[in-house]
Amino acid sequence: MTEKLYETDAYISCFKARVLDCIQAEGRFNVVLDKTAFFPEGGGQAADNGFLNDARVFDVRIEDGIIYHYVDKALKIGETAEGKIDFERRFAFMQNHTGEHIVSGVAHKLYGVNNVGFHLGEDFVTLDFDKELTREQLDRIEYIANQKVWQNLQVVAYYPKKEELKNIDYRSKKEIAGEVRLVEIKDTDICACCAPHLS
């Protein structure tokens with residue numbers, strides 16, 4: 001299992017890791033590291049990109065608990081690779097994703113709607129609620145969400161113990177097997193989420 005550095009510190013932009021495997025596949029190389037700060041695509045958010053040494057990382061995926069970095073050059077198994085994330089892009093994703101949690105949390109508390117779909121793209125963010133909201137309701141959500149941003153509330157991500165999780169009222173788009181990572185914004189939202197967020 002690759003250690004997920006992005007879970008403990010979303011602000012890491014450079015790191016060093018050992019190459020565990022490098023598999024040639026369909027005109028690319030799939031690199032497995034002992035640890036990574038690259039976020040793999042998931043939860044509606046695109047994967048990070050950047051570099052491992054001089055190999056360009058253009059996608060990152062997780063399959064059966066293994067994180068694969070799709071790169072354009074081979075890396076040697078056993079070597080130490082220096083990872084450098086395109087942090088400007090990552091930070092924009094963190095801002096937008098945290099904003100989505102705020103908007104979805106406010107909408108849920110005010111109007112009981114559930115976020116049933118989310119996509120964070122390069123140039124836009126979309127979210128889908130399970131019922132239609134009026135323009136007036138949307139304006140109210142926007143106003144309160146902006147108030148929450150201005151309050152600069154703390155955002156924390158954690159894995160509660162199984163017995164603790166039973167007593168936490170949190171949002172989730174789907175049933176999750178195994179450990180559940182929660183992202184909590186004080187008095188605003190608690191949601192199951194695997195992605196990096198602002199602090």
Side-chain angles (χ1 to χ4, degrees), residues 1-12 36-48 60-62 65 67 85 87 89-121 124-134 136-199:
M1 288 276 279
T2 303
E3 182 185 349
K4 300 171 182 173
L5 300 174
Y6 56 84
E7 284 194 346
T8 54
D9 185 352
Y11 291 84
I12 293 174
T36 188
F38 283 93
F39 176 71
E41 180 179 2
Q45 181 169 318
D48 286 325
V60 186
R61 301 287 173 112
I62 188 166
I67 298 175
I85 293 170
F87 194 74
R89 180 174 177 268
R90 153 74 80 78
F91 191 69
F93 282 172
M94 288 165 56
Q95 289 175 310
N96 287 318
H97 201 149
T98 304
E100 177 270 325
H101 277 239
I102 293 169
V103 168
S104 294
V106 169
H108 182 73
K109 284 184 188 225
L110 286 180
Y111 304 113
V113 296
N114 295 300
N115 178 328
V116 294
F118 167 62
H119 174 74
L120 174 56
F124 62 91
V125 178
T126 61
L127 51 118
D128 304 310
F129 292 125
D130 59 357
K131 63 182 176 185
E132 192 170 337
L133 296 167
T134 66
E136 184 178 271
Q137 289 172 320
L138 291 170
D139 289 344
R140 182 80 180 136
I141 291 166
E142 180 181 8
Y143 177 79
I144 292 173
N146 281 328
Q147 295 295 318
K148 299 289 187 180
V149 171
W150 293 329
Q151 290 173 33
N152 198 27
L153 301 169
Q154 184 179 25
V155 180
V156 292
Y158 58 98
Y159 285 94
K161 293 180 181 162
K162 197 173 186 177
E163 52 274 6
E164 292 173 324
L165 188 63
K166 291 176 188 175
N167 300 317
I168 299 173
D169 184 22
Y170 67 95
R171 294 185 309 105
S172 182
K173 291 180 198 68
K174 61 181 183 177
E175 197 67 33
I176 301 169
E179 286 187 309
V180 176
R181 181 175 184 260
L182 297 179
V183 173
E184 182 172 353
I185 304 169
K186 186 180 178 189
D187 301 324
T188 304
D189 190 43
I190 303 176
C191 183
C193 187
C194 61
H197 287 268
L198 301 175
S199 60

Subject >> Value rounded to 0.5 Å, distance of NZ in Lys173 from CG in Asp128 >> reply: 9.5 Å
Original post:
Tell me, do Pro40 and Lys4 make a side-chain contact under 4.5 Å, heavy atoms counted?
Top reply: no
Original post:
Distance from Thr188 atom OG1 to Gln154 atom CD, nearest 0.5 Å?
Top reply: 12.0 Å
Subject >> pair Val106-Arg140: side-chain heavy atoms closer than 4.5 Å >> reply: no
**OP:** Locate the shortest heavy-atom distance separating Val180 from Pro160; write the atom from each residue and the value.
**Re:** O-CD, 3.3 Å
Original post:
Just how far is it from atom CG of Asp139 to atom OG1 of Thr134, taken to the nearest 0.5 Å?
Top reply: 8.0 Å
Original post:
Are the side chain of Lys148 and the backbone of Asp187 linked by a donor-acceptor contact shorter than 3.5 Å?
Top reply: yes
Subject >> Rounded distance (nearest 0.5 Å) linking atom CZ of Arg61 with atom CD1 of Ile67 >> reply: 13.0 Å
Subject >> Residues which pass side-chain contact (heavy atoms from CB on, under 4.5 Å) with Thr126, listed by chain and number, not counting sequence neighbours >> reply: His119, Phe124
Original post:
Which of parallel (below 30°), tilted (30 to 60°) and perpendicular (above 60°) describes Phe91 and Tyr11?
Top reply: tilted
Subject >> Pair Ile62-Thr2, side-chain contact (heavy atoms from CB on, under 4.5 Å): steps then yes or no >> reply: CA-CA 10 Å; Ile62 188 166; Thr2 303; over 6 Å; no
Original post:
What is the minimum heavy-atom distance between Met94 and Pro196, and which atoms define it?
Top reply: CG-O, 3.7 Å
Original post:
What closest approach, in Å, do Val60 and Ala47 show between heavy atoms, and which atom pair accounts for it?
Top reply: O-CB, 3.3 Å
Original post:
Where the side chain of Asp130 meets the backbone of Asn114, is there a donor-acceptor pair that is under 3.5 Å apart?
Top reply: yes
Original post:
How many angstroms lie between atom CD1 of Ile185 and atom OG1 of Thr98, to the nearest 0.5 angstrom?
Top reply: 6.0 Å
Original post:
Given side chains that start at C-beta, do those of Ile85 and Tyr6 come closer than 4.5 Å, heavy atoms only?
Top reply: no
Original post:
To the nearest 0.5 Å, how far apart are CG in Asn96 and CG in Leu198?
Top reply: 9.0 Å
**OP:** Check step by step if side-chain contact (heavy atoms from CB on, under 4.5 Å) holds for Val125 and Phe118.
**Re:** CA-CA 8 Å; Val125 178; Phe118 167 62; 3.6 Å; yes
**OP:** For Arg90 and Ala10, indicate whether the former's side chain and the latter's backbone hold a donor-acceptor pair under 3.5 Å.
**Re:** yes
Subject >> Side chain proximity check, His108 to Asn115, heavy atoms < 4.5 angstrom >> reply: no
Original post:
What are the two closest heavy atoms between Arg89 and Ala46, and how far apart are they?
Top reply: NH2-CB, 3.9 Å
Subject >> Partners meeting ring-ring contact (aromatic ring centres under 6.0 Å, His included) with Phe38 (sequence neighbours left out) >> reply: Phe15, His69
Subject >> Minimum heavy-atom distance Ala192-Ile176, with the two atoms named >> reply: CB-CD1, 3.5 Å
**OP:** Identify the two heavy atoms, one from Phe93 and one from Leu120, that lie closest to each other, and give their separation to 0.1 Å.
**Re:** O-CD2, 3.5 Å
Original post:
For the side chain of Asp48 and the backbone of Phe39, is there at least one donor-acceptor N/O pair under 3.5 Å apart?
Top reply: yes
**OP:** Could you note down all residue pairs passing salt bridge (charged side-chain N to carboxylate O under 4.0 Å, His left out) where residues 155-171 supplies at least one of them, sequence neighbours left out?
**Re:** Arg171-Asp189
**OP:** Show the numbers, then the answer: is there a side-chain contact (heavy atoms from CB on, under 4.5 Å) between His101 and Val183?
**Re:** CA-CA 9 Å; His101 277 239; Val183 173; 4.1 Å; yes
